[in-house]
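Per chain, numbering begins at 1; letters A, B, ... match sequence-line order. From a predicted model like this one, the values you see are computed outputs, not experimental measurements.
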2 protein chains.
Amino acid sequence: MTHRDKVTIEDVARAVGVSRQTVSRVINKGPNVKEAVRERVEEAIARLGYVPNLSARRMGGGRSFLILAVNDRQRTLENWKAGRGNDWVDQMLYGGMTECEKEGYHLVFELIDTDPQLAPVQLSNSIASLRPDGIILTPPHSDNEELAHMLTQRGIPCARIGRRAGTDYVDVFMDEIGAAEEAVRHLLREGHTKLAFLAGSPEYGTSQKRVEGFRKALEEAGLGADAGLVAKANFHFDTAASLLNDMLRGPDRPTGIIADNDEMAFAALHVADKLGLDVPDELAIVSFEDTPGVRFSVPPLTAIRQPTAEMIASACASLIEISRGKDAVGSYELPFRLIERDTTGAQRTRS
Amino acid sequence: MTHRDKVTIEDVARAVGVSRQTVSRVINKGPNVKEAVRERVEEAIARLGYVPNLSARRMGGGRSFLILAVNDRQRTLENWKAGRGNDWVDQMLYGGMTECEKEGYHLVFELIDTDPQLAPVQLSNSIASLRPDGIILTPPHSDNEELAHMLTQRGIPCARIGRRAGTDYVDVFMDEIGAAEEAVRHLLREGHTKLAFLAGSPEYGTSQKRVEGFRKALEEAGLGADAGLVAKANFHFDTAASLLNDMLRGPDRPTGIIADNDEMAFAALHVADKLGLDVPDELAIVSFEDTPGVRFSVPPLTAIRQPTAEMIASACASLIEISRGKDAVGSYELPFRLIERDTTGAQRTRS
DNA sequence: TCTCCAATTGAGAGCGTTCACAAGAAAATA
DNA sequence: TATTTTCTTGTGAACGCTCTCAATTGGAGA
């Protein structure tokens, strides 16, 4: 702890009586180092408290030991500014940091605009400045082919969250269609015959897939097109609330709502309360996301749990493997889970 | 956008017909560059899409353009693992990232153990590896004198959150004592005569100060020592719930609770519900923190809002100034705010 | 016009690592 | 034992920037 300030690889080499390169081999767990030498070097590293300088490593070897996670700037800032927080970001941090830390990497967060003009430029700049060993694209950036293509062209491993298209990339996703279907079936099973899907934004591929699953499940159940409404509320509380306010008034109103994120589900709760509809007896709600906040709502939300932290962790793990020269490109599907809480499960039968 | 891959300072210099050094001066807004030259260089930078390489900058000049934010590993991981999330982390990210981005810096997050043996070693390692230009210590690390001292000794600017002690450091804090006093007065004003403070951990200086403010306000109101209970619940839901479970049964129970964080306030809500105590009529609750989740609780929590994002932003701003050679060391007090929601404010008078 | 000082520009070294390659030692083969 | 082959180690260059200091330029003042 009381070591000299800046211990370099040279100091270690001198202490052991070997060359820089040998120490470097030990650090990087390279082959061709005699066991006895390795041990002496490791001892000296521990004794001197040597830690390799990341910048120098990057300069010398091209690896930065940095993973860059790219988020939707607009939505993230919007949420923050509204005092809403971003549980999604928190989860990413959890999955990403713990995984990176394990492997001696660091996770850096960046916000990038969705605008197709700005996105590539901003990403380019981040890359030029940070030179990360891998990049994680989250929705909706994961749906931007240009970005992914640019990264491949530059030889930067790229992982896409919520996307299952590629062969050149690491795609980490859950079965969005299947999840939406399960949500629908859950509601149908409880006797609902008219459902509405509060969609996020068509900009998000995940949103599209969920709409697809929503429609598919209704069709498979033999219900006509009018059994399923799709309303686009852009992930926003206010938009959702205002749409629902109209939608839930008519006599032919839907009795089951599936929301594309928790925020819109909260809006449903809010409107139900305002209109005097009992939840879940008169209106059942299933949300997508399952952020920590849902347990404090009234009543707690039934939700499809997205494996957010796990997806980011998996993406990091794959990117790190790739940066080490291994082949980890491919598709990774992670399981979702329907967590039943109190916005579904009415204690009665419908006609 | 279709620029060559790695544009270096040399490329820019060659394009303009000047030396590397001149370009470097322009980048760093250094003096002694003719206006005409500066303009030509800037034009070339834009045209070629040049972005300085952070690692190289760090190697050459010693600045890394990185700010390191250090958090309590145990508590953060605990929260994550429990699926609780860390709204605090999210807020930090918001304040820190937006401020850093503005100045061309990057924010990196690290988790460090509280253990006095491990903390300095882990921090040393992070420093050696990242060489950040500044470090933000959050509670309880901000109370660890050894850490702060080590940083000063190594010449690394250090900002401490929730601490108002130093002259050598950037201290960013709110008036914890005053906030606790305000919470107490708020409850007294509503007629409560027996209060309890659910304290976090004595490891946290902020906790200590709040206890101090709690006692002080009661004393100033002329109430005896038995008017104010202090229970140590370590920020945990379960611990708090179990303590309250006993505390709220007796006939002489407190009618007002002040919780050191939102999680413990939720526990109070939970226990009140279980014991059939109406909130706020039979039990009033004031929380400290005001994370986004509190608006979804039943009922929404009255809380002292900590200016978390603002504190981190301010810390970043100061650290960046210092790393630029300016003197920004000092104490920065940021205002808190009591936000009245529905866990206080009973519509009746007490005897 | 000449000198001198300030403003401007450039050249070379250095930061701490890894890379490519060369050299030496040990082991395997003949 | 002589000759490969394999394993181990070391050497110099390179990465892209900023630092220090030297060189050049342009005016102001003599």
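- Between A:Thr8 and C:dG16, a side-chain N or O to OP1/OP2 separation shorter than 4.0 Å is absent.
- Contact between the side-chain N/O atoms of B:Thr22 and the OP1/OP2 oxygens of C:dG10 is found at a separation under 4.0 Å.
- Rounded to whole Å, atom P of D:dT8 lies 9 Å from atom CZ of A:Arg38.
- As rounded to whole Å, 13 Å separates atom C1' of C:dG10 from atom CD1 of B:Ile9.
- Over its length, the helix from C:dT1-D:dA30 to C:dA30-D:dT1 turns its helix axis by 40°, as judged from the five terminal pairs at each end, rounded to 10°.
- Of the residues B:Arg160, B:Arg164, B:Arg163, the one that meets the salt bridge (charged side-chain N to carboxylate O under 4.0 Å, His left out) test with B:Asp143 is B:Arg163.
- How far OG of B:Ser142 is from OH of B:Tyr204: 9.0 Å, rounded to the nearest 0.5 Å.
- Remark: C1' of C:dG16 and CG of B:Leu130 are 15 Å apart, rounded to the nearest angstrom.
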Given A:Glu99 and A:Lys102, is the salt bridge (charged side-chain N to carboxylate O under 4.0 Å, His left out) satisfied, shown in steps? CA-CA 5 Å; A:Glu99 186 67 31; A:Lys102 228 166 41 185; 3.2 Å; yes
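- Here the C1' atom of nucleotide D:dC15 and the CG atom of A:Leu54 are 15 Å apart, to the nearest Å.
- Atom OG1 in A:Thr98 sits 7.0 Å away from atom CH2 in B:Trp80 (nearest 0.5 Å).
- Counting distance only, with no hydrogens placed and no angle test, the side-chain atoms of B:Arg25 and the base atoms of C:dT8 include no donor-acceptor pair under 3.5 Å.
- In this structure, CG of A:Asn53 is placed 16 Å from P of D:dC17, rounded to the nearest angstrom.
- Within residues 56-68 of chain A, the residues approaching DNA chain D are A:Met59, A:Gly60, by heavy-atom distance under 4.0 Å.
- If you check every strand for non-hydrogen atoms under 4.0 Å, A:Pro52 touches sugar and phosphate atoms only.
- At a cut-off of 3.5 Å, with distance as the only test, no side-chain donor of B:Arg38 or B:Thr22 sits close to an acceptor on the other residue.
- If you check C:dT18, C:dG16, C:dG10 against the side chain of B:Val18, the one that comes closest is C:dG10.
- Between atom CZ of residue B:Phe173 and atom OG of residue B:Ser314 there is a gap of 10.0 Å, rounded to the nearest 0.5 Å.
- For B:Gln21, the listed nucleotide lying nearest its side chain is D:dC19; candidates were D:dA13, C:dG16, D:dC19.
- Taking every side-chain heavy atom of B:Val33 into account, C:dT9 is the closest of C:dT9, C:dC21, C:dA11.
- Within the structure, the salt bridge (charged side-chain N to carboxylate O under 4.0 Å, His left out) test picks out the following pairs touching residues 315-326 of chain B (sequence neighbours left out): B:Glu103-B:Arg324.
- Nucleotide D:dC15 holds its P atom 12 Å from the CG atom of B:Asp11, rounded to whole Å.
- In this structure, the CZ atom of A:Arg20 is 15 Å from the P atom of C:dA20, given to the nearest Å.
- Between B:Ser24 and D:dC17, a side-chain N or O to OP1/OP2 separation shorter than 4.0 Å is absent.
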Verify side chain to side chain donor-acceptor pair (under 3.5 Å) between A:Ser323 and A:Tyr105, making sure each step is shown before the conclusion. CA-CA 11 Å; A:Ser323 86; A:Tyr105 278 64; 2.7 Å; yes
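- Put simply, the side chain of B:Arg131 and the base of C:dG16 share no donor and acceptor less than 3.5 Å apart.
- Rounded to whole Å, the distance from NZ on A:Lys34 to C1' on D:dG10 is 14 Å.
- In the set D:dT8, D:dA13, C:dG10, the nucleotide with an atom closest to the side chain of A:Asn32 is D:dT8.
- Neither side chain, A:Glu110 nor A:Asn71, offers a donor N or O lying under 3.5 Å from an acceptor on the other.
- For the pair B:Arg57 and B:Phe65, the cation sits on the ring face: its NZ or CZ lies under 6.0 Å from the ring centre, inside 45° of the axis.
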